[in-house]
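Just so you know, ligand 1 is whichever comes first in the structure, and atom 1 is the first atom listed for that ligand. Positions are given from 1 along the sequence.
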Amino acid sequence: MIKQKLFANFAHPQGLLGRFAGRIMATKRSNRERGAWAVGELDVAPDARVLEVGYGPGVTIAQLASGMTGGRIVGVDRSDVMLAQAQRRNKRAVASGNVELRVGDAQQLDVDLTDFDLILGINVWQFWTDQTATITALADRLSAGGRLAVVYMQPPTGKTTGEEARSKMQDQFERAGLSEINVRTMAFDPPAVMMIGHR
Ligand SMILES: C[S@@+](CC[C@H](N)C(=O)[O-])C[C@H]1O[C@@H](n2cnc3c(N)ncnc32)[C@H](O)[C@@H]1O
C-alpha cells in the first residue's frame, strides 16, 4: 500500500512522499547516469535554448546548466514539490537568470514557451494521457532544425517495455512530422531508449 503510494509519487510528487520520491530520483545511481548519458548523447551547444519537461528534482537541469555559457534553460514540471527541490539544486543558475523553473503541464505549455533548440523529457512520456498530441505540440515549440528528445526506461511498476516504447515513440514522432528520427539505447538493466527527432 505505502509502496504503491510511493510509486504514484514518481508520476506526480506531492507532500512528504513526494519529497522522498524526489530524493530517490536525485540520488539513485541509475537515474543520475541515465540523465548524464542523455545529456552527453545530445551534445548540447553552450548557447542553446533548452526546455526540459518533467525535470523532477532538477538533476538534469544542473547537468545541462554546467555546460552552458550563453544559453537559456527552462524547466516545466507539474509538481510544486519538485519545483522546490530543483530550485534548491540550481540556486545559482536560477539567480543568474540562465535557468528558469516553472510549475506547469507539458501537455499544455504556456504560450510564451517557444523557439527551443532542444526539448527534452526523461521518464515523463509514460504519464502523458495523449502522447501523440503532446509530442506534436512539443514539436511545434521547436525552432527550425530544433530537436525533440524523449527518454524512457521501464520503471519497476511499468508495463511498457523499452522495445514497446521505442516502437510507439517512433510512430508518434512520425505523426508529429518530425524528421531524421533516430534512437539511442543505453545498456542499462532494463535498457534506456532515447528517441530523437528534428523539426
Ligand atoms: C519519474 S519523474 C522523472 C524526473 C526526472 N526527469 C528524472 O529522470 O529524474 C517524472 C516527473 O515528471 C513530472 N510530470 C509528470 N507528468 C507531467 C506533465 N504532464 N507535465 C509536467 N510534468 C510532469 C512529475 O511531476 C515528475 O517530476
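- Residue, atom and distance of the protein heavy atom nearest to atom 22 (N) of ligand 1 are Arg78 N, 3.1 Å.
- Ligand 1 places these atoms under 4.0 Å from at least one heavy atom of Met82: 27 (O).
- Without hydrogens or angle criteria, Asn9 side chain to Gln14 main chain gives a donor-acceptor distance under 3.5 Å.
- Polar contact with ligand 1: present for Asp105 (N/O pair, distance under 3.5 Å).
- Of the listed residues (Val124, Val151, Ile122), the one carrying the non-hydrogen atom nearest atom 3 (C) of ligand 1 is Ile122.
- Using a 4.0 Å heavy-atom cutoff, Pro155 is absent from the residues neighbouring ligand 1.
- The closest approach between Asn31 and ligand 1 falls below 4.0 Å for a heavy atom of the residue.
- A donor-acceptor contact shorter than 3.5 Å links the side chain of Asp105 to the backbone of Gln107.
- Taken to the nearest 0.5 Å, the CD1 atom of Ile196 stands 8.5 Å off from the CZ atom of Phe173.
- Geometrically, ligand 1 and Ala106 share a nitrogen or oxygen pair separated by less than 3.5 Å.
- Val53 and Ile122 are not part of a single hydrophobic cluster, where members link through side-chain heavy atoms under 4.5 Å apart.
- Counting heavy atoms under 4.0 Å from ligand 1, residue Asp77 touches it through both backbone and side chain.
- Near Arg34, with a cut-off below 4.0 Å to any heavy atom, the atoms of ligand 1 are 8 (O).
- Within the 4.5 Å cutoff, side-chain heavy atoms of Met194 are placed close to those of Leu42.
- Judged by distance alone, the side chains of Thr160 and Gln126 never bring a donor and an acceptor atom under 3.5 Å apart.
- Interface of Gly56 with ligand 1, defined as ligand atoms under 4.0 Å from a residue heavy atom, comprises 4 (C), 27 (O).
- Note: Ile135 CD1 to Asp130 CG = 9.5 Å, rounded to the nearest 0.5 Å.
- Among protein heavy atoms, the minimum distance from atom 24 (C) of ligand 1 is reached at Ala11 O, 3.2 Å.
- Of the protein's heavy atoms, Gly54 O, 3.5 Å lies nearest to atom 5 (C) of ligand 1.
- The backbone N or O of Gly58 lies less than 3.5 Å from a partner atom in the side chain of Asn90, making a donor-acceptor pair.
- Ligand 1 lies less than 4.0 angstrom from a heavy atom belonging to Pro13.
- Atom 2 (S) of ligand 1 has as its closest protein heavy atom Phe10 O, 3.3 Å.
- Between Leu148 and the options Leu138, Leu120, Leu118, a side-chain contact (heavy atoms from CB on, under 4.5 Å) holds for only Leu138.
- Residue Gly104 has at least one heavy-atom neighbour below 4.0 Å for each of these atoms of ligand 1: 20 (N), 21 (C).
- Residues Asn123 and Arg34 have side chains in contact (heavy-atom distance under 4.5 Å, counting atoms from C-beta outward).
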